[in-house]
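Here's the structure we're looking at; comments come further down.
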Amino acid sequence: MNLNPPRVIGRILRTNISNFPRRGRNSILSNENFPFQHRRSKQLMETVITRFPPSPTGDLHIGGARTALFNWLFAQNRGGKFVLRIEDTDLERSTEKSVKAILDAMEWLELTFDEGPYFQTKRLDIYREYANKLHASGHAYWCECPPEELEQKRKTAMTEGRKPKYDGTCRHKGLGPGPNRVLRFRSPDTGTTVLKDIVKGPIAFDNAELDDLVIIKSDGVATYNFAVVIDDITMNITHVIRGDDHVNNTPRQIQIYRALGAKLPEFGHVPMIHGEDRAPLSKRHGATSVMEYRNLGFLPEALLNCLVRLGWSHGDQEIFSRSEMIEHFTIENIGTSPSVFSMEKLLWLNAHYIKAKPAEDIVPLLRPFLAARGYPEKPDAYIAGAVRTLQARSRTLVEMADAMRFYMVDEVAIDPTAAQKFLVPEMSAPFERLLSEFEKLNVFSEATLEPIFRTVMADLNMKLGKIAQPLRVSLTGSTVSPGIFEIIDVLGKETVLKRMRKGLERMKQGAQA
RNA sequence: GUCCCCAUCGUCUAGUCCGGUCCAGGACACCGGCCUUUCACGCCGGCGACGCCGGUUCAAAUCCGGCUGGGGACGCCA
């Protein structure tokens with residue numbers, strides 16, 4: 001006879017906990033009966049503290065950056081604090097270089113932190129202290145099972161279709177510490193643990209699914225699942241916003257909080273970012289590291305804007321300034337399904353920010369790209385002028401730097417196909433006429449040039465388009481460029497006349513050929 | 001295999017909580033047009049989705065169940 005209601009495992013549906021709103025714009029503030037209502041109002045007095053805990057085993061990648069951004073935004077929105085913590089307890093894979101790379105990327109994105117960076121390897125004693133507490137209270141025990149044996153048992157379980165969990169061999173041995181021994185957390189084997197996820201809603205786990213996880217490795221270092229909990233407790237973290245891939249770790253962590261009698265933070269799990277093929281983002285999807293995007297000529301505000309829209313939205317708004325992101329960011333508007341990172345969208349956003357930014361502000365950002373191309377030095381004002389003509393035509397700083405070549409080099413290389421088509425003998429007469437008019441000119445600007453063009457065109461009974469292409473080819477070496485007057489304006493009289501004479505020569509050569 | 005999560009245009013998403021206002025809105029990409037000295041920018045228009053099957057209901061993208069598909073987790077990694 002079963003008098004107990006059936007246990008509900010997994011996503012708890014509205015019918016089971018009807019007043020747990022998963023999302024919904026106003027529900028949290030409007031619903032008086034919301035179970036967390038007064039916890040919530042207590043929180044309003046309490047400072048929000050979020051954290052970003054990368055492990056220094058590589059560059060900061062897109063997914064990590066978005067997690068950092070969400071935590072940062074939430075803290076900013078609530079007037080709270082943002083903590084950076086380096087999770088370097090994997091002594092094998094953690095490197096100094098990665099720490100630097102992560103810090104650089106955070107700085108580039110201007111994701112400023114109020115505390116840290118903390119390093120877990122500097123806090124090992126704290127973990128041991130808490131581990132001792134757990135041992136003393138009977139919540140942890142020493143285990144001497146050799147790793148190879150455990151590995152073998154896991155495999156067997158897997159092939160037999162069972163969950164590969166620790167079988168509890170040392171659970172009741174009452175062992176003390178010793179070489180090659182690990183400390184395991186004694187996980188309850190009945191009941192359920194409920195994760196009240198602020199993004200996904202409540203999720204229940206059957207405790208029988210959870211095994212006794214290692215909390216202190218045989219080298220005396222805490223494992224991830226233990227160190228995070230201790231850190232989040234001792235750093236007073238109020239909200240843990242992290243990737244979806246941590247959902248299954250959370251019930252174990254909750255049990256540790258409970259065993260320690262600590263207050264739980266709020267947990268929010270954000271769906272992951274995938275590549276175009278829906279597989280998790282990896283190298284073969286192209287650039288995955290934040291700094292690669294800087295090298296590709298992207299602006300940090302564009303990357304941030306792109307990332308914030310992956311899994312979060314505010315109605316139909318696409319463009320967000322930093323302050324708008326902060327102002328509008330709420331957990332309720334985080335989506336529940338995984339998203340695919342799109343380079344096309346990033347390019348569009350980047351083009352938008354390049355257009356919107358004052359040319360003067362682009363110059364310093366562009367300089368490294370110019371230098372990389374070995375262009376001769378030019379003054380800021382000159383480059384700014386060139387930038388202005390290219391802003392609407394460049395999606396990245398790389399494209400801009402490439403397109404800027406003809407402004408920068410002394411001699412332009414003329415595209416052979418373009419020369420063949422436009423630097424033709426028939427054009428030499430009108431070209432000569434234009435050249436002689438230009439030579440007389442003292443003030444060289446669009447305002448003085450345009451009337452001259454008009455009169456020359458009228459005299460020769462030609463359309464502007466007819467002469468524009470040969471001129472363009474002479475000045476830039478290509479049939480594609482910014483507007484002809486803009487170019488002349490930036491290049492200046494001397495260079496324009498020099499290149500026009502060169503062009504004229506080519507036209508006459510064409511006549512002989 | 002077991003457990004967990006997810007499911008609206010090709011992509012990012014609005015709408016889902018509180019069913020009707022949605023023969024589903026916006027953005028990127030794509031296609032067409034306008035503007036025009038080239039290329040862009042900009043503007044206008046077009047293409048294009050509620051995974052499937054049941055149930056509840058006068059009414060379902062929205063609630064319920066199943067299926068299918070995708071993803072995650074199962075380490076002395078984090």
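Naming: A, B, ... by sequence-line order, numbering from 1 per chain. Everything numeric in this text was worked out from a predicted model, so none of it was measured. Every heavy atom of this structure was used, including side-chain atoms; hydrogens, water molecules and symmetry mates were not.
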Side-chain ion pair, A:R51 and A:D231, N-O less than 4.0 Å: no
Side-chain donor/acceptor of A:Q391 to backbone N/O of A:I354, under 3.5 Å: yes
Rounded C1' spacing from B:C47 to B:G33 in Å: 15 Å
Parallel, tilted or perpendicular: ring planes of A:F341 versus A:Y293, cut at 30 and 60 degrees: perpendicular
Any-strand Watson-Crick or G-U partner of B:A61, both distances under 3.5 Å: none
Pairwise P distance for B:C35 and B:A7, with rounding to whole Å: 46 Å
Approximate separation, where rounding is to 0.5 Å, of A:T50 OG1 and A:E266 CD: 13.5 Å
Atom C1', compared across B:C34 and B:G71: separation rounded to whole Å: 45 Å
B:C41: syn or anti, per glycosidic angle within 90° of 0: syn
Distance, C1' atom - from B:C76 to B:G66, rounded to whole angstrom: 42 Å
Passing option when A:T193 is tested against A:D206, A:T250, A:N207 for side-chain hydrogen bond (donor to acceptor under 3.5 Å, both in side chains): A:N207
Touch class at under 4.0 angstrom, heavy-atom based, for A:P54 against every strand present: nothing
Qualifying residue, where the test is side-chain contact (heavy atoms from CB on, under 4.5 Å) with A:S94 and the options are A:V99, A:T121, A:D88: A:D88
G-U wobble or Watson-Crick pairing nucleotide for B:U36 (cut-off 3.5 Å, both distances): none
Please enumerate all protein N or O atoms sitting under 3.5 Å from an N or O of nucleotides 66-72 of chain B, with distances to 0.1 Å.
residue	atom	partner	partner atom	Å
B:G72	N2	A:N248	ND2	3.2

Whole-angstrom distance between B:C22 and B:A59, as gauged at atom C1': 13 Å
Electrostatic pair A:R184:A:D211 at N-O distance under 4.0 angstrom: no
5'-most by nearest nucleotide on RNA chain B - A:C145 or A:L464: A:L464
Distance-only donor-acceptor test, A:K345 side-chain atoms vs B:A27 base atoms, 3.5 Å: yes
Presence of donor-acceptor pair under 3.5 Å, side chain of A:E318 and base of B:G26: yes
From B:U2, B:U37, B:C77, nucleotide with atom closest to A:E209 side chain: B:U2
Side-chain N,O (A:K463) to OP1/OP2 (B:U38) below 4.0 Å: no
Under-4.0 Å salt bridge between A:R433 and A:E437: yes
Grab the N/O contacts between the protein and nucleotides 41-48 of chain B below 3.5 Å, and write none if there aren't any.
residue	atom	partner	partner atom	Å
B:C41	O3'	A:K355	NZ	3.4

A:S337 (side chain) and B:C6 (base): donor-acceptor pair under 3.5 Å: no
Distance, rounded to the nearest Å, where A:N249 contributes CG and B:G75 contributes P: 11 Å
Who pairs with B:G48 - Watson-Crick or G-U, where each distance is under 3.5 Å: none
Given RNA chain B, 5'-ward residue of the pair A:F485 and A:A204, judged by closest heavy atom: A:A204
C1'-based separation of B:G65 from B:U56 [nearest Å]: 11 Å
